[in-house]
Each structure stands twice: as structure tokens, then as C-alpha cells.
Protein chains: 2
Amino acid sequence: MTNSTELRLRMLQAAEIQLAASGNDISTRAVCEAVGVGQPVLYRLFGDKAGLMSALVDHGYDRFIERKRHLAKTDDPVADLRAGWNDHIAFAVENPAIYRLMFSPTLGPQISAPRALLDLLTGTLERCAQAGVLLVSPALAAQRIRAACTGVALAILSRPDLYTDPDLSDSVRDSVFAGCIGASVQLPPDRRLGGTAVQLAALLREGPASVLGAEEQRLLLKWLDALGG
Amino acid sequence: MTNSTELRLRMLQAAEIQLAASGNDISTRAVCEAVGVGQPVLYRLFGDKAGLMSALVDHGYDRFIERKRHLAKTDDPVADLRAGWNDHIAFAVENPAIYRLMFSPTLGPQISAPRALLDLLTGTLERCAQAGVLLVSPALAAQRIRAACTGVALAILSRPDLYTDPDLSDSVRDSVFAGCIGASVQLPPDRRLGGTAVQLAALLREGPASVLGAEEQRLLLKWLDALGG
DNA sequence: CCCGCTGACGTAACATCGATACGTGACCAA
DNA sequence: TTGGTCACGTATCGATGTTACGTCAGCGGG
């Protein structure tokens, strides 16, 4: 006989497949059909369609937290922090539909798993605080990091046509980290070079210089754009 | 006779009210009932429920862009940038349901309004670039700022119980800005171009860039020297 | 004045979906 | 065998998105 928890898992997997296929919504009928049971079993196991969705989100959080546990915990908490951000983005890209359910929920009954996940982040940040590199309390830093990280992830997921910068995640991550972590991250020389190139390009576009010809300026602007990234 | 566009507007307003009330979903029947028309008019005006939703989102973007136009454009582009971020957050808090529709869309047919809004941000950033305070290209900076800003807004909207820091928005804003904006060195405009060229030439001579070939850099340096005086 | 046409509207229906009442059969203890 | 409990499926209800069809106002021509 199929155990109740096993059936529950099979329905969750079926629901997850349907969600990934349709993108944002599923049908209880289709889920039951895929598993080969009637609809009442769904309502006995999950009580409600919202219950099924909540279970789906919880299942996603389970997988996410499990994944985070497998991340190596090194003796450099800041490096762990960076790895955690990157893993967050990777999870979002690999599971777009569930990620949206997890981190862009509708108003309504809240789930407790996000709190646990935020506490996990706070734990890493407390190790940073013990290392003496944190500028603010771990709780505040966790909110900033999580908010910015989900923003980047949702942006990449929802509008890949608008958010085309391959370094978007790394850039925002470094900026937010720099605002929370005191360890001075000096700008590499090529960064300053890029900034200067961007500035010069803007100035040239505003008012072209007279010492250079039109064609030369066109090529110059092209190179400056390349230098600016 | 009620004009067609006026009827359209009334239905949009009714839909917006219902959306704000229910939080995340509306019923075509309820919208038509509220306006006092049959359902076929909705399908004649919007073609589809998705069409109604898209029109709702477009309407939200219209209001948002109109609001941004009324923001004073001062001679300090960085201050304008900060005001724009704060206005974004304020709009999200004042219109949570529509904001979610606008900035956390489901997969599917994309709307063009977000692009226009991102271009508006890019415009302000180009003014920053002309002032010489931008470290990266306006397009890249716009992506970082918009992604982080929507992340903060969605976090505050979706989980106010988790994101309790009243300074969350300001903190993330300042961090992200710090990653895109350098210390401004205000020089008279006519001298800024030459000075920037000299600075870029010095940086290039100190450490050549990898994105340009040797011959290209030689010519670039020649032009930069010409620009510098 | 009457007739036919067009365009907009409402009524009523269909398909689908979430949710549930009820009957049926398996299994178990006495 | 009998009575009871539990899980399941069938059939159904109410609501919702969507559409076919009839109806009516307005209008130009005979």
C-alpha cells in the first residue's frame, strides 16, 4: 500500500512539474490525474489548494535549506557569505517558478520557513561579527542582503531582456556587502579606469571636442564604451 | 453616450479597487458588475482577462511615470537619483497590489512600459555621468539600482514582519549608490573634458586595458593627449 | 412611413476549476 | 459472519473565464 507521506510527496512532485510547465498556476484536477487519484485525496492531504501551494513552498524551502547546509563552512565567514549569495541566485535560476512562489508571495497567510532561512543568513553574519568585520548588527545586515539578493534574482527571472548585465549579481552583492562589512575592499585599478572612461564618454557626447575629427570621435567613443564595460 | 475610452477607464478603476481589496486576483464578473455592464464589453475592450491585467499594469506605469515627471529635476543629479529611489519605495507602499503586478510579473507576454521606466532612470544616470561621478555605464548602473530597489520594495510589501528595519531602504540605497557613484570632483565644464582625458591617459599608461589591442591603445593615447591639451 | 443594415449590448449558455456530499469496498476485531 | 472504521472514487455544486446568439437603437434609402 502506498504510504500517506509517500503519496503526499508524489503529489508535490507532480504539482512542481505542472508549476514549472505552466509558469505560475496549477490545477488540482491535473495534479490528481497525474498521480492517478481522485481530487478528495488532495483535499484530505492538503486541505485546500492554498494548502497545496503552501506545502509546495515549504518543500522548496526544505530543498533550499538542505542545499545551504551542504555549502562548505570555511573559516572565512565573508567568503561563506559571498558563496551563499551566489548559491541563492543559482537556486533562483534553476527553479524559477518555485522561487517566485517562495520569495514573491501574495498577501495572505505567511509561512514560517523564510524566517528560518533568514536566521541561517544571520548565523553566518554573526560569525562575521565575531571576526570583527561587521559594521551593523547581523539582523540588519541580513535584511539588507536578503532584500537586495531577492531583488536581483527576481529581476533576472522576470525580465531577462531588461537585466542583461552578466555581472549584475556580483556588482550588487559587492556593493551591499561593502555597506555592511568593514574590511576595506579597495577598488581595483581597472575599475577606476572604467569609471574615468565612462565620464569622458559622457562629456564627449554632451559637447564634442574640436581637436578631433568626427570619425575619430566615433571610434574613440566606441573604445571608451568598451573600457567602461 | 458613454465614450469607449471613458468606459475603459471606469473598468480599469473598478478593477484596481477590486485588486487592492482582494490583494492578488480579481473576477471579470465582479468588475463588470461594478461598472454596470455585461461581461462581453470587457472582452470587447480588453480581449481577455490577461488583457485587462496588462492594461491595469500599463495604467499603473502611466501613473508612476507621470509621478516621476513631477519630481523636480535639480542641478544635482545624484540628489535626483536618491529622490527617485525614495519615490519608488513610496509608490510601492502606497499601491502594494499594483506594484506587485508591475514589478513581480509572471512569466508570459512582456510589457514595454518597464523599459521606458528603466530609460528614465538611465537618463538621470547619464546626467550623473556628465557630472563625472559615475563609475560604470549608465545602463549598468540603472540595472543595479532598479534591481536592488524593487527587491527592497517587494521585501517590505511581502514580509513586513521579517523586514523590520526602518532604515532598510536608505541603507541599501546608499550601498548600491556607493558602488556606482564615486566622489565628485567638480570642475568647470570646459576643463573637465581635458582633465578627464589626462586622467584616463595616465591610468592607461599605468596599466593597459585588456579589452583593446596594442595598436588601438596607442592611437587612443594619442587622441587623449590631444584632448588634454 | 416603412424596410433593411450596422453596431453595441445583454442573456444565456458552455467549459473548466475548486470544493464537497455520498456511496462503495477493503480491512479488521469480535 | 457481522458490524464498524477508514480510504477512495463518482457525481455534483458553485464560481469563473469565455463565447454564441438574440435584441434593440440609430440611420440611410425606397
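Labels below follow one simple rule: chain letters A, B, ... track the order of the sequence lines, proteins then strands, and each chain is numbered from 1. Because the structure is predicted, anything quoted here is derived from the model rather than measured. Every heavy atom of this structure was used, including side-chain atoms; hydrogens, water molecules and symmetry mates were not.
- Checked against D/dG17, D/dG9, C/dC9, the side chain of B/S27 finds its nearest nucleotide in D/dG17.
- Regarding A/L45, its CG atom lies at a distance of 16 Å from the P atom of D/dC6, rounded to whole Å.
- Residue A/E33 contributes atom CD, which lies 16 Å from atom C1' of D/dC8 at whole-angstrom precision.
- When all heavy atoms are compared, the tightest approach of B/E16 to B/H59 is OE1-ND1, 3.4 Å.
- One atom, CE of B/M11, and another, P of C/dA8, lie 15 Å apart when rounded to the nearest Å.
- Computed from C1' positions of five pairs at each end, the angle between the two local axes of the helix from C/dC1-D/dG30 to C/dA30-D/dT1 equals 30°, rounded to 10 degrees.
- Ring planes of A/F64 and A/F103: perpendicular class, angle over 60° (limits at 30 and 60°).
- In this structure, B/E6 places its CD atom 16 Å from P of C/dA8, rounding to the nearest Å.
- A 6.0 Å sphere centred on CG of B/D161 holds more than 12 heavy atoms belonging to other residues, nucleotides or ligands.
- Regarding A/M53, its CE atom lies at a distance of 12 Å from the C1' atom of C/dC17, rounded to whole Å.
- Between B/R69 and B/L120, the shortest heavy-atom contact is NH1-CD1, 4.4 Å.
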Sub-3.5 Å pairs of nitrogen or oxygen atoms, protein against nucleotides 19-21 of chain C:
from   : atom 1 : to    : atom 2 : distance (Å)
C/dA19 : OP1    : A/D48 : OD1    : 2.5
C/dA19 : OP2    : A/Y43 : OH     : 3.1
C/dA19 : OP2    : A/D48 : OD1    : 3.2
C/dA19 : OP2    : A/K49 : N      : 3.0
C/dA19 : N6     : A/Q39 : OE1    : 3.1

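- Within 4.0 Å (heavy atoms only), A/G51 reaches no atom of the nucleic acid at all.
- A/L52 comes within 4.0 angstrom of nothing in the nucleic acid, heavy atoms only.
- For the pair B/D25 CG and C/dG18 P, the computed distance is 12 Å after rounding to whole Å.
- Partners of A/N95 according to the side-chain hydrogen bond (donor to acceptor under 3.5 Å, both in side chains) rule, which considers only residues two or more places apart in sequence or in another chain, are A/R63.
- Among all heavy-atom pairs drawn from A/A147 and B/A155, the shortest one is CB-CB, 4.0 Å.
- To the nearest angstrom, P of D/dC8 lies 11 Å from CZ of A/R10.
- Side-chain atoms of B/R144 never come within 3.5 Å of backbone atoms of B/V176 as a donor-acceptor pair (strictly under, hydrogens ignored).
- Side-chain atoms of B/R100 and B/S158 form a donor-acceptor pair, as typed in the model, at a separation below 3.5 Å.
- The CZ atom of B/F46 sits 18 Å away from the C1' atom of D/dT19 (whole-angstrom rounding).
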Under the salt bridge (charged side-chain N to carboxylate O under 4.0 Å, His left out) rule, what do A/D225 and A/K222 come out as? Steps first, then yes or no, please. CA-CA 5 Å; A/D225 287 340; A/K222 180 184 164 192; over 6 Å; no

